[in-house]
Peer 1: 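My questions all concern the structure below.
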Amino acid sequence: MAHIVKILDGFSFIPRSELNLLEALESQKVEIEYQCREGFCGSCQVQLVAGEVEYFAEPIAFVPDGKILPCCCYAKSDLTIEIPGGCRIKKEQ
C-alpha cells in the first residue's frame, strides 16, 4: 500500500514502494544530508512528526527519540517529517 510522505514547509508525495525513504526524497530532488547510506553515521537524520517507519536494517548510529534515519527505513504509514534546515529542492544543472 502506498503511503503519503509530507515534508513540513515543503510538499507531499507518494514514494515508490521499492525506494527507502532517503531514495524517495532524492527522487523528488529534495536536498538532504547523508554520508554512509547504511545507518552508520546518522547524518541523514530527520524529525518524524507523525506516522511510523519500518527499518529494513537496524541503525548503528544513535537515533534520538522522535528522529529517524531515512537511509535505512520505509514508510509504514503516512508520514510527516521535518528536514533540518527546511525543505530545499536541488536545482537543475
Side-chain angles (χ1 to χ4, degrees):
M1 180 177 164
H3 299 292
I4 298 171
V5 175
K6 178 180 179 183
I7 305 169
L8 281 186
D9 299 328
F11 59 95
S12 299
F13 67 99
I14 298 175
R16 293 190 343 232
S17 61
E18 71 272 17
L19 301 178
N20 66 41
L21 187 53
L22 178 60
E23 293 168 337
L25 291 165
E26 290 175 325
S27 75
Q28 298 297 311
K29 304 196 181 314
V30 174
E31 283 188 25
I32 184 164
E33 295 288 326
Y34 67 88
Q35 293 291 321
C36 70
R37 306 181 74 92
E38 296 179 8
F40 292 110
C41 69
S43 64
C44 64
Q45 201 171 101
V46 299
Q47 182 76 37
L48 178 63
V49 177
E52 290 182 66
V53 297
E54 180 173 5
Y55 284 97
F56 57 88
E58 194 63 35
I60 302 299
F62 173 71
V63 184
D65 286 342
K67 304 272 186 168
I68 59 170
L69 296 185
C71 69
C72 50
C73 70
Y74 298 105
K76 190 174 177 184
S77 68
D78 293 348
L79 299 179
T80 302
I81 60 171
E82 182 175 17
I83 298 173
C87 180
R88 296 182 310 271
I89 304 298
K90 292 180 185 174
K91 294 180 179 164
E92 296 292 329
Q93 294 185 10

Peer 1: Measuring from Y55:OH to N20:CG, what's the distance to the nearest 0.5 Å?
Peer 2: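 Atom-to-atom, Y55:OH and N20:CG are 11.5 Å apart.
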
Peer 1: Provide the full list of salt bridge (Lys or Arg N to Asp or Glu O under 4.0 Å) pairs with a residue in residues 70-87, sequence neighbours left out, each pair given once.
Peer 2: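 Sorted result for residues 70-87: empty, none.
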
Peer 1: Between CD of Q35 and SG of C44, what distance do you get to the nearest 0.5 Å?
Peer 2: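 If I round to the nearest 0.5 Å, the distance is 10.0 Å.
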
Peer 1: With rounding to the nearest 0.5 angstrom, report the CD1 to CD1 distance, I7 to I89.
Peer 2: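 I7 CD1 to I89 CD1: 6.5 Å, rounded to 0.5 Å.
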
Peer 1: What salt bridge (Lys or Arg N to Asp or Glu O under 4.0 Å) pairs are there with at least one residue in residues 20-33, not counting sequence neighbours?
Peer 2: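 The answer is E26-R37, K29-E92, E31-R88.
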
Peer 1: Within a strict 4.5 Å, meaning less than it, do heavy atoms of the V46 and P84 side chains meet?
Peer 2: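 Yes - at least one pair of side-chain heavy atoms lies under 4.5 Å apart.
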
Peer 1: Looking at residues at least two apart in the chain, or sitting in another chain, which of them share a ring-ring contact (aromatic ring centres under 6.0 Å, His included) with Y74?
Peer 2: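 For Y74, the residues satisfying ring-ring contact (aromatic ring centres under 6.0 Å, His included) (neighbours in sequence not counted) are F56.
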
Peer 1: Does E54 have any salt bridge (Lys or Arg N to Asp or Glu O under 4.0 Å) partners at least two apart in sequence or in another chain, and if so, which?
Peer 2: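 Per chain and number, E54 pairs via salt bridge (Lys or Arg N to Asp or Glu O under 4.0 Å) with no residue.
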
Peer 1: Starting from V49, walk the hydrophobic network (Ile, Leu, Val, Met, Phe, Trp, Tyr; side-chain heavy atoms closer than 4.5 Å) and list everyone else you reach, by chain and number.
Peer 2: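 Besides V49, the hydrophobic cluster comprises L8, listed by chain and residue number.
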
Peer 1: Go through the structure and list residues passing salt bridge (Lys or Arg N to Asp or Glu O under 4.0 Å) with E52, not counting sequence neighbours.
Peer 2: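 Here no residue qualifies.
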
Peer 1: Can you measure from CD1 (I81) to CG (L21) and round to the nearest 0.5 angstrom?
Peer 2: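 Those atoms lie 5.0 Å apart.
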
Peer 1: Tell me whether Q47 contacts the main-chain N or O of G66 through its side chain, where contact means a donor paired with an acceptor under 3.5 Å.
Peer 2: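 Such a contact is found between Q47 side chain and G66 backbone.
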
